Amino acid sequence: MIQNLSPEEIVRREALEKLRAKGIEPFPAAEFKVTATSQECIDQYEEGREVRLAGRLMNMRDMGKASFAHLQDATGRVQIYINVDSICPSEDKSFYKEVVKHLLHFGDFIGVEGKLFTTKMGEISVHVAQLTVLAKSLKPLPVVKKDEAGNIYDAFTDPELRYRMRYVDLVVNDKVKETFIKRTRIVNAMREFFNERGYLEVDTPVLQAIPGGASARPFVTHHNALDVPMYLRIANELYLKRLIVGGFDGVYEFSRNFRNEGMDRTHNPEFTVMEIYVAYKDYHWMMDFTEAMLRHVCEKALQTTVVQFGEKTIDFGKPFARVSMTEAIQRYTGFDITGKSEQELFAFAQSIGIEVNATMGKGKLIDEIFGAKCEGQFVQPTFITDYPVEMSPLCKRHRDNPELTERFELMINGKEVANAYSELNDPIDQRARFEEQLSLQERGDDEAMFIDQDFLRAMEYGMPPTSGMGIGVDRLVMFLTNNETIQEVLFFPQMRPEKFESGPNPKEFEALGIPVEWVEHVIKAGYDSVEKLKAAKPTAVHQTLNGYRKKNKLEIPAVQLEEVNGWML
RNA sequence: GAUCUCGUAGCUCAGCUGGUAGAGCAAUACACUUUUAAUGUAUGGGUCCUGGGUUCGAGUCCCAGCGGGAUCACCA
């Protein structure tokens with residue numbers, strides 16, 4: 001296959017061949033032993049210290065008989081100084097003059113060995129005594145420049161390219177790497193918090209026969225051997241509860257969930273939720289636990305409990321406010337939902353401009369009112385508690401009011417980040433609630449839950465009182481890393497699959513009898529498919545090709561008209 | 001799924017009421033042994049997303065498609 005290479009790519013490929021011709025393997029197999037990272041060179045600077053480090057060559061500045069560049073490794077960048085006489089101590093200066101000056105390019109991986117020193121301008125640098133080519137880069141990276149004040153020029157910003165080629169984004173945009181390092185630190189801090197308390201990290205099925213535990217459209221697949229439909233999980237809740245039935249005191253899982261729904265800046269078809277279930281606890285305990293956990297995460301991962309998100313400052317250090325759903329709606333609409341009928345709620349929702357329809361039950365109506373008028377108001381971490389029973393089919397009824405449930409959601413910056421219950425463990429009530437969902441489904445609510453009979457059976461064997469909590473990891477990471485879109489906190493966000501032009505196949509051209517040395521030029525001259533070539537007049541092809549040959553000064557025999565006629569048969 | 005908007009050099013972007021494409025950086029060549037957005041001089045580089053249409057003439061106007069982004073709907 002012939003690729004259309006840019007002039008810069010051709011230069012790099014030629015450099016690759018020239019390196020080989022000089023006996024330098026551009027992709028050597030041997031380990032390059034590293035004794036320091038760029039960060040260590042700076043943090044543990046000692047004049048004259050011998051270091052060996054490896055990374056990408058960035059921003060080469062050729063000064064004649066000496067050159068400066070930066071070497072970028074996983075920890076950052078350090079300047080390197082390459083001087084003819086140091087790198088070529090003998091008479092033969094060709095390594096510097098040819099290899100360093102002409103055959104190395106921006107983005108190449110190299111290893112260097114040398115002593116640390118500080119330049120006149122005060123920058124810690126490696127005075128290179130030996131340089132090893134570790135891997136040639138055949139495509140030029142986008143060049144991003146930064147001045148002394150930290151202003152960035154010509155940034156690589158196109159979101160499509162950044163997400164499709166995250167590997168390039170990571171190399172070139174420093175902040176991107178920071179976000180993902182923080183993401184891992186956040187996850188590690190959570191894990192550490194749970195493990196310290198003796199809770200067990202578990203794995204439950206991703207491929208499920210019944211997509212339960214949440215209301216969402218699943219991705220459907222098929223198991224060939226069993227000849228049954230299977231679903232990618234939309235939640236793992238029901239499996240973790242089965243484990244509580246089985247006798248574990250506390251289990252948690254970082255669950256990759258899949259939902260076949262819209263994609264936007266806060267939704268990706270696959271996303272991560274951490275779910276934890278702890279036996280003998282209730283949702284009050286879980287609020288304290290969640291609050292402590294988030295504080296721990298902030299301290300461990302960010303070294304602060306005060307987080308900047310856009311214009312807003314979010315304080316995880318102060319106690320989180322706790323507001324009931326009823327209070328919240330009363331506060332922001334003046335309407336008291338207590339004891340109201342479905343008709344009354346319907347009328348009120350309609351009166352404040354919410355689009356309503358007949359499929360909506362009480363729970364849905366309350367949820368809509370809250371979503372429209374209240375949700376956005378809670379910028380600081382706030383627990384919204386005591387949701388109506390219709391909205392929460394897996395949650396235990398409130399101990400003081402059977403129309404409510406013992407549920408809370410944690411709101412941060414007006415968005416739901418965590419959701420928790422005193423889990424419903426009465427199997428008879430649970431069955432009734434599932435049936436209620438079924439009737440909602442019949443009314444046309446396509447998000448109502450499926451009934452999982454095995455889950456009900458497990459409940460019938462007895463589940464201890466348990467509190468469970470789920471937290472949207474991607475969303476939490478967004479808030480803690482000051483990113484407005486989920487795509488920025490996922491390495492490879494879902495994108496429409498990219499189409500690669502397969503390009504012309506030289507073999508097809510050769511099959512027509514076109515000389516091998518001509519095939520490439522026939523394609524470049526514009527006949528990029530066999531069909532196109534055959535559709536053209538032989539005389540025109542003949543003239544075009546010989547014109548092309550002359551223009552590009554090709555040292556191959558001109559084509560004859562009879563030859564061209566032969567190809568067209 | 002709907003509406004708006006964008007697609008020009010490797011990257012970031014100009015290109016007015018239609019007249020056959022520009023800049024900076026990157027590349028190439030030369031100069032320069034402590035520079036740092038290095039500098040100076042010179043050179044090369046484009047299917048203006050694709051396909052139609054209007055026009056003497058389309059990067060520019062119109063239509064359709066493809067691909068992004070934003071807003072909305074759904075959802076976490």
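All values below were derived from every heavy atom in this structure, side-chain atoms included, with hydrogens, water molecules and symmetry-related copies excluded. A, B, ... follow the sequence lines: proteins, then strands. Residue 1 opens every chain. Computed from a predicted model, the values in this text were never measured in an experiment.
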Pairing partner of [N] (Watson-Crick or G-U wobble, both distances under 3.5 Å):
| N | value |
| --- | --- |
| rU28(B) | rA42(B) |
| rA14(B) | none |
| rG19(B) | rC56(B) |
| rA2(B) | rU71(B) |

Should the pair F383(A) and F320(A) be assigned to parallel (<30°), tilted (30 to 60°) or perpendicular (>60°) ring geometry?
-> tilted
[N] and [M]: how far apart are their [atom1] atoms, nearest whole angstrom?
| N | M | atom1 | answer |
| --- | --- | --- | --- |
| rC56(B) | rG18(B) | P | 15 Å |
| rC16(B) | rA64(B) | P | 24 Å |
| rU17(B) | rA27(B) | P | 37 Å |
| rG10(B) | rU50(B) | P | 13 Å |
| rU55(B) | rC49(B) | C1' | 23 Å |

Is it the case that S90(A) and D92(A) place a side-chain donor and acceptor less than 3.5 Å from each other?
-> no
Please determine whether a side-chain nitrogen or oxygen atom of [X] lies at a distance below 4.0 Å from atom OP1 or OP2 of [N].
| X | N | result |
| --- | --- | --- |
| N59(A) | rA38(B) | yes |
| K145(A) | rA38(B) | yes |
| H105(A) | rU28(B) | yes |

Those residues of residues 76-84 of chain A lying under 4.0 Å from RNA chain B by at least one heavy atom = Q79(A), Y81(A), N83(A)
Does D264(A) make a side-chain donor-acceptor contact with the base of rC74(B), cut-off 3.5 Å?
-> yes
Checking only heavy atoms, does the side chain of T157(A) share a donor-acceptor pair with the base of rU12(B) at less than 3.5 Å?
-> no
Using a 4.0 Å heavy-atom cut-off across all strands, classify E416(A) as base, sugar-phosphate, or nothing.
-> sugar-phosphate
Result for 5'-nearest mapping on RNA chain B, choosing between Q487(A) and M263(A), is Q487(A)
When you measure from the side chain of S6(A), which nucleotide among rG67(B), rG10(B), rG69(B) comes out closest?
-> rG10(B)
Do K115(A) and E46(A) sit within salt-bridge range, that is, some charged N less than 4.0 Å from a carboxylate O?
-> no
For the pair E261(A) and R217(A), find out whether any cationic side-chain nitrogen is under 4.0 Å from an anionic carboxylate oxygen.
-> no
